[in-house]
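All remarks here apply to the structure that follows.
One is the number of the first residue; the rest follow in order along the sequence. Both backbone and side-chain heavy atoms feed into the values below; hydrogens, waters and symmetry mates do not.
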Amino acid sequence: MSSFERWLVIAFMVVLTHCHDIYDQDLSSVDAESRSVYADYIPRGRFINIGNLPVYEAPDNIDKRRMLIAVHDIFGFSSSNMKQITDHMAVQAGGFRVALPDFFRGDHWDINVPITPIERAAFIQRVGDWETIVKPDLINTVRYYQRQGVQEFAIFGMCWGGRTGTDAAMELSDYFKASAIVHPSLVSNDEAYSVRMPMYLMPSRDQPDMLPFYQVLRNNFGDNSGHRRFDDMFHGFASTCGNFSDPLNQMHVNEIIRTLGVFFERILIDTV
């Protein structure tokens, strides 16, 4: 082999090693990205139907015996944000099955159309009434997954989903062991006295002070509940209206995911 040929071999090996390093860095970047929310996310789960209720399931959690039910805002499945959070919640702490039912069955409010309080009340009465639609859907969903071997359930929701998570905490303690609500809509501090399970409260700057609610939870459930107020975030930042390309918004949504993962890990016993 001539000196020129030896030089070519050495040069090729250097380039190959450099490309391998870049490839490893790219893999690390993708792995890190998979643990953080970001814009233009492509959901990784699948859709099923429980009766006539469409349900999005996070991927790769079929063997888990602990389950989280996620609840969307009034914009339903119109963006990937809630599906992304559903996917991320599945791998938090010891791992959970996570499902996101479409309680509105595709009939969500258009995010580009302003809504008045009167319109909102009429809309929710029509597509998301607690007694006639959402409560039966939640019970049917729990029973469906119980038949698949799931043993313990918790619920979390954003905006209208936070209202639903509060209703569940008051009325469905036979089905759920814990609830978490993120920038909840129309939740009163007085309702804390009717709550029958530990809760984690995560209001934004646009919600009233929820420390009185939290104090009641502490009195009733000790350290099993939690409170974190996001005074630098707007209502809706963790759901459809969230800007997951904004670093501050990203940081706080990632904090929500990690915090709730630890919270549900503590409440739900791992029976696998």
Working to the nearest 0.5 angstrom, can you tell me the gap between Phe47 CZ and Asp102 CG? 8.5 Å
Do Ile74 and Arg163 touch side chain to side chain, with heavy atoms closer than 4.5 Å? no
N/O donor-acceptor pair under 3.5 Å between Arg66 side chain and Leu268 backbone: yes
Cation over ring face, Arg266 and Phe264, 6.0 Å, 45°: no
Could you grab the distance from atom OG of Ser204 to atom CE of Met158, nearest 0.5 Å is fine? 12.0 Å
Beyond-backbone contact of Phe96 with Met67, side-chain heavy atoms, under 4.5 angstrom: no
Quick one, Gln215 with Asn219, criterion side chain to side chain donor-acceptor pair (under 3.5 Å). Give me CA distance, side-chain angles, the key distance, then yes/no. CA-CA 6 Å; Gln215 187 56 56; Asn219 292 341; 3.1 Å; yes
Set of residues satisfying salt bridge (charged side-chain N to carboxylate O under 4.0 Å, His left out) with respect to Asp129, sequence neighbours excluded: none
Under the side chain to side chain contact (heavy atoms under 4.5 Å, CB included) rule, what do Asp167 and Val134 come out as? Steps first, then yes or no, please. CA-CA 10 Å; Asp167 288 330; Val134 180; over 6 Å; no
Heavy atoms, side chains only, cut-off 4.5 Å: are Val182 and Ser239 in contact? no
Quick one: does any side-chain atom of Gln250 pair with a main-chain N or O of Phe244 as donor and acceptor, under 3.5 Å? yes
To the nearest 0.5 Å, what is the distance between OH on Tyr175 and CD on Glu152? 16.0 Å
Short side-chain donor-acceptor distance under 3.5 Å, Tyr145 and Gln151: no
Tested for side-chain contact (heavy atoms from CB on, under 4.5 Å) against Val253, the lone hit among Asn81, Leu248, Asn243, Val37 is Val37
About how many Å separate OG1 of Thr259 and CZ of Arg228, when rounded to the nearest 0.5 Å? 8.0 Å
Compare all side-chain heavy atoms of Val150 with those of Lys64 and state whether any distance is below 4.5 angstrom. no
Residue Asp40 excluded, over 12 heavy atoms near CG under 6.0 Å: no
Any residue meeting salt bridge (charged side-chain N to carboxylate O under 4.0 Å, His left out) with Asp223, in chain and number order, not counting sequence neighbours: Arg218
Check the pair His227, Tyr200 against side chain to side chain contact (heavy atoms under 4.5 Å, CB included), reporting the backbone distance first and the verdict last. CA-CA 6 Å; His227 174 277; Tyr200 211 109; 5.5 Å; no
Walk me through it: do Asn220 and Tyr193 pass the test side chain to side chain donor-acceptor pair (under 3.5 Å)? CA-CA 9 Å; Asn220 292 337; Tyr193 295 100; over 6 Å; no
Partner of Phe104 under ring pair (Phe, Tyr, Trp, His ring centres under 6.0 Å), picked from Phe77, Phe123, Trp109, Phe75, is Phe123
Backbone N/O of Lys83 and side chain of Ser80: donor-acceptor pair under 3.5 Å: no
Does Tyr56 use its side chain to pair, donor to acceptor, with the backbone of Gly45 at less than 3.5 Å? yes
Could you tell me the separation between the CD atom of Glu255 and the CG atom of Leu260, rounded to the nearest 0.5 Å? 10.0 Å
Do Asp231 and Arg229 sit within salt-bridge range, that is, some charged N less than 4.0 Å from a carboxylate O? yes
Treating Asp87 as the side-chain partner and Ala58 as the backbone partner, does any N or O pair qualify as donor plus acceptor under 3.5 Å? no
Before accepting this row, confirm whether a basic side-chain N of the pair Glu171/Arg196 lies closer than 4.0 Å to the acidic partner's carboxylate O. no
Decide side chain to side chain donor-acceptor pair (under 3.5 Å) for Asn254 and His88; before the verdict, give the C-alpha distance in whole Å, the side-chain angles of both, and the deciding distance to 0.1 Å. CA-CA 9 Å; Asn254 290 330; His88 285 301; 5.8 Å; no
Quick one: pull up CD1 in Ile155 and CD1 in Ile69 and give me the separation to the nearest 0.5 Å. 7.0 Å
Which Ile, Leu, Val, Met, Phe, Trp or Tyr residues join Tyr214 in one cluster when any pair of side-chain heavy atoms under 4.5 Å counts as a link? Met170, Ile181, Val187, Val195, Met199, Leu201, Met210, Leu211, Phe213, Leu217, Phe221
For Ala238, does its backbone N or O pair with a side-chain atom of His183 as donor and acceptor, under 3.5 Å? yes
Backbone of Phe103 reached by a side-chain donor or acceptor of His72 within 3.5 Å: yes
Student check: side-chain heavy atoms of Arg46 and Pro59 closer than 4.5 Å: no
Determine whether a donor-acceptor pair (N or O, by modelled atom type, separation under 3.5 Å) exists between the side chain of Asn249 and the backbone of Phe237. yes
